[in-house]
Number of protein chains: 2
Amino acid sequence: MPRPDSARDRILDAFQGLLIASGERAATLDAVAAAAGVSKGGLLYHFASKDALVDGLIERLEAFAAADDERMRAAPEGTVDYVIRTSVEEGTPFDEALIAVSRLAQGSHEKARTTLAAVRARWETAIAADVGDPAVARAIMLVSDGLYYNSTLLGAFGTTDSRDGAMDELLAVLARLTPTASPGPAAAS
Amino acid sequence: MPRPDSARDRILDAFQGLLIASGERAATLDAVAAAAGVSKGGLLYHFASKDALVDGLIERLEAFAAADDERMRAAPEGTVDYVIRTSVEEGTPFDEALIAVSRLAQGSHEKARTTLAAVRARWETAIAADVGDPAVARAIMLVSDGLYYNSTLLGAFGTTDSRDGAMDELLAVLARLTPTASPGPAAAS
DNA sequence: GTCTATAGTGAGATAGAC
DNA sequence: GTCTATCTCACTATAGAC
């Protein structure tokens, strides 16, 4: 397939970008069309309504999430390292779709909320399988949520700490929770 | 004071409630006026514009935050216990104002974002002072953020775990990070 | 101090030309 | 497939009655 849906994808990108940068309120059909370089009529040819546009974005997120799930299970450093590090990795297509959909989830978009919850549940299940103790898995997953919350909602990971070694330091702290995996006081600065 | 600003407060309550229940998009002047039991004109007498309404809510949040700060510092079980437990305590006036303002922060309301970041920073500072190790304080604060993210954005603490003892269990796991504070396997289960 | 009425703007959506 | 033109409706805000 050389380029089956270039306009469709451009429109979804524009919608996503506006949601991330300015929130649901600013992501109007006019603004999306302008950002995608098409007219409003052109946009509505590809997505018959705003709801259809939202559905398109959610479907795209689900496709990214399925791919991420496979990558997570194959991650060489383990699922904890993978999930924690990718909690803050801004810029991947998956990450951007995730943030855009969380903007929608704050409104009353039920489907956006359930999709996000499903992605999160998959992560926590994988961590629990890796770590053993469900209570520890929950704490680790909450740290991931916290990182995500900071980078997404508060605008920057660096609300608290954006040093280069901050992520290694955090993982070293979390390693203390899983004595089976990391026996010694390894990388703690 | 018998009731100095009852209409003003009712309007802020209505605005806040709509933001929490349905997001920024739905919190229009019409809807706020209807929910507060006044007309649109009446609303605009108290708050000259929508921006003024937003400012009013943020100011109210700051007042609650100052009161919370004093309560945190006086908390008998320590700041970690206090911050973690109140991360998910839905229903207090402070909590509701916080959630409402985070809805606004997702848009482009810069002041809402900085206010939230300031509240968060105060918590983390207090935890760091209590716990000693800044890296541990950061991990604990991220767990608090994660709890908040779950109860706020995903709609329920119970995405993962809403059992009665879940909070005690979580605190027991976190206690392993602060060997200086909690020597034994205290509140586990 | 609170209301009704309404102006002005921008939203989502449709119809039909190209 | 993409455009322009247009419709309707909801939103913010103003003016002035009560």
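For B:F15, there are no ring-ring contact (aromatic ring centres under 6.0 Å, His included) partners at least two apart in sequence or on another chain. Residues forming a side-chain hydrogen bond (donor to acceptor under 3.5 Å, both in side chains) with A:R25 (at least two apart in sequence, or on another chain): none. Judged as a salt bridge (charged side-chain N to carboxylate O under 4.0 Å, His left out), and not counting sequence neighbours, A:E70 has no contacts. Residues satisfying the salt bridge (charged side-chain N to carboxylate O under 4.0 Å, His left out) criterion with B:R85, sequence neighbours excluded, are B:D81, B:D168. Residues forming a side-chain hydrogen bond (donor to acceptor under 3.5 Å, both in side chains) with A:R10 (at least two apart in sequence, or on another chain): none.
For the segment residues 38-45 of chain B, residues with any heavy atom less than 4.0 angstrom from an atom of DNA chain C are, sorted by number, B:V38, B:S39, B:G41, B:G42, B:Y45. Heavy-atom distances under 4.0 Å link DNA chain D to no residue of residues 100-111 of chain B. Contacts between residues 21-29 of chain A and DNA chain C, counted as heavy-atom distances below 4.0 Å, involve A:T28, A:L29.
Among pairs with a residue in residues 43-56 of chain A, none fulfils side chain to side chain donor-acceptor pair (under 3.5 Å), at least two apart in sequence or across chains. For residues 97-112 of chain A, every residue pair satisfying the side chain to side chain donor-acceptor pair (under 3.5 Å) rule, not counting sequence neighbours, is listed here: A:S102-A:Y148, A:R103-B:Q106, A:Q106-B:R103.
Chain A approaches DNA chain C over the interval C:dA11 to C:dT14, counting the first and last nucleotide 5' to 3' with an atom under 4.0 Å from its heavy atoms.
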For residues 26-41 of chain A, dump all side-chain donor-acceptor pairs below 3.5 Å to protein atoms at least two apart in sequence or in another chain.
residue	atom	partner	partner atom	Å
A:T28	OG1	A:A31	N	3.1
A:D30	OD2	A:K40	NZ	3.2
A:S39	OG	A:G41	N	3.4
A:S39	OG	A:G42	N	3.0

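Scanning all heavy atoms of the two residues, the minimum distance from A:V173 to B:L177 falls at O-CD2, 3.4 Å.
Counting only N and O atoms by type, the side chains of A:D68 and A:W123 include a donor and acceptor under 3.5 Å apart.
Using a 4.0 Å cut-off between charged side-chain N and carboxylate O, A:D69 and A:R120 make no salt bridge.
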Yes or no on side-chain contact (heavy atoms from CB on, under 4.5 Å) for A:L170 and B:L142, after CA distance, side-chain angles and deciding distance?
CA-CA 10 Å; A:L170 177 61; B:L142 286 170; 3.8 Å; yes
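Taking atom CG of residue B:D51 and atom C1' of nucleotide D:dC11, one finds them 14 Å apart after rounding to whole Å.
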